[in-house]
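Down below is the structure, laid out as structure tokens.
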2 protein chains.
Amino acid sequence: MKVSDKGIYIDGIDKKILRALMEDARTPILEIARNVGISGAAIHQRLKKLEKSGLLAGSKFIINPKVLGYNTMAFVGVYLDKAVSNPEAVKQLQRVPEVIECHYTTGEWSIFIKILSKDNEHLMHLLNTEIQAIKGVSRTETFISLQQQINRQIKV
Amino acid sequence: MKVSDKGIYIDGIDKKILRALMEDARTPILEIARNVGISGAAIHQRLKKLEKSGLLAGSKFIINPKVLGYNTMAFVGVYLDKAVSNPEAVKQLQRVPEVIECHYTTGEWSIFIKILSKDNEHLMHLLNTEIQAIKGVSRTETFISLQQQINRQIKV
DNA sequence: TGTGAAATTCCGCAAAG
DNA sequence: CTTTGCGGAATTTCACA
């Protein structure tokens with residue numbers, strides 16, 4: 001049995017439910033029910049509980065960017081002028097759909113982003129035209145992901 | 001109308017379907033059907049096509065790590081000794097559940113990882129005990145995400 | 001409080017046009 | 001793409017431990 005900081009109790013059955021749905025959000029509840037040996041209604045109620053606890057943050061269809069021609073992933077450390085408000089820069093980054101993550105980070109960069117591009121040329125265009133054009137961006141450092149080996153959620 | 005490199009045609013209806021399901025994988029097909037004005041069976045046929053194209057890479061329940069007490073996200077650049085095989089290091093990283101992403105990257109690091117920890121103390125433990133213990137890891141550079149502002153998929 | 005079983009409503013899916 | 005129809009699933013209700 002496991003207790004989180006907020007007092008959510010997650011037993012072995014909850015874990016099995018979560019693991020099945022984290023793998024495939026469309027797994028039928030009744031199928032899970034058969035696998036864990038309790039009724040569908042029980043699963044349903046446990047899911048309600050887990051949702052209410054905030055642990056379940058929704059479900060998403062995952063699309064493969066490569067099929068859309070997005071073959072390059074990169075991480076970019078962004079240096080901002082001291083004078084510029086970071087939220088304003090984030091607001092501008094929000095308008096660039098290729099920016100799929102954005103963090104305020106400790107260390108030498110003000111902002112750290114993850115970005116998807118079709119190829120290196122497209123990446124260069126994004127950096128030189130979209131990112132550098134944002135007010136306050138003084139410099140960027142780019143790291144291209146040659147291959148992603150791990151991509152998962154935290155273990156339950 | 002949009003054509004990807006692999007010849008997948010995605011029209012406006014496909015986009016609406018994808019956007020609905022990327023937001024919530026459990027959206028009933030018939031609800032989408034009502035919104036876009038075609039029959040449920042048609043949606044179903046389009047989903048089959050999209051799945052066959054490889055664009056749909058599955059669906060996942062998203063869990064909120066904070067509820068499990070994982071409050072700190074960090075990025076870690078890992079330096080590996082030249083002599084060590086990177087795949088072996090990745091294999092070891094795979095065994096650390098807090099490592100949720102792992103990339104081979106260009107630039108000064110051999111490997112770049114995203115990691116979740118409960119707090120700074122836990123992060124330190126992960127770095128000093130789990131990561132540094134891996135054969136071939138010579139040094140790490142850590143950037144803590146103070147706040148994540150953007151987290152999304154590529155736009156369809 | 002949490003569980004199981006039945007009933008109802010709704011959905012997913014395949015076939016045929 | 002639509003309609004149709006079957007099989008099965010989701011969800012509610014209720015009785016019980």
- prompt: Are the ring centres of F143(A) and F143(B) closer than 6.0 Å?
  reply: no
Considering only distance and modelled atom types, tabulate donor-acceptor pairs under 3.5 Å from the side chains of residues 83-92 of chain A, sequence neighbours left out.
from, atom 1, to, atom 2, distance (Å)
S85(A), OG, E88(A), N, 3.3
E88(A), OE2, Q92(A), NE2, 3.2

- request: Could you check how far CG of D11(A) sits from P of dG2(C), rounded to whole Å?
  value: 11 Å
- request: Could you check whether the rings of F75(B) and H103(A) sit parallel, tilted or perpendicular, using 30° and 60° as the cut-offs?
  value: perpendicular
statement: One would report the end-axis bend of the helix from dT1(C)-dA17(D) to dG17(C)-dC1(D), five pairs per end and rounded to 10 degrees, as 30°
query: Would a distance-only check, ignoring hydrogens and angles, find a side-chain to backbone donor-acceptor pair under 3.5 Å from R139(B) to G77(B)?
result: no
- prompt: So does E108(B) have more than 12 non-hydrogen atoms from other groups sitting under 6.0 Å from CD?
  reply: yes
message: Any non-hydrogen side-chain atom of K16(A) less than 4.5 Å from a side-chain atom of N35(A)?
response: no
message: Without decimals, in angstroms, what is the distance between I38(A) CD1 and dG4(C) C1'?
response: 10 Å
query: If you check every side-chain atom of R46(A), which of dG4(C), dT2(D), dT3(C) has the closest atom?
result: dT3(C)
Integer-rounded Å distance: dG2(C) P and I13(A) CD1: 13 Å
- prompt: For I43(B) and dC1(D), what is the distance between atoms CD1 and P respectively, to the nearest whole Å?
  reply: 8 Å
message: For a quick check of understanding: with a heavy-atom distance under 4.0 Å over all strands, which category does A42(A) fall into, base, sugar-phosphate or nothing?
response: sugar-phosphate
field: Min side-chain heavy-atom separation F61(B)-Q153(A) under 4.5 Å
entry: no
message: Measure CG/D14(A) against C1'/dG2(C) and give the value in whole Å, please.
response: 12 Å
- line: A correct 5'-to-3' footprint of nucleotides 5-17 of chain D, with B, S and - meaning base, sugar-phosphate only and no protein heavy atom under 4.0 Å, is ----SSSB-----
field: Whether over 12 other heavy atoms sit under 6.0 Å from E141(B) CD
entry: yes
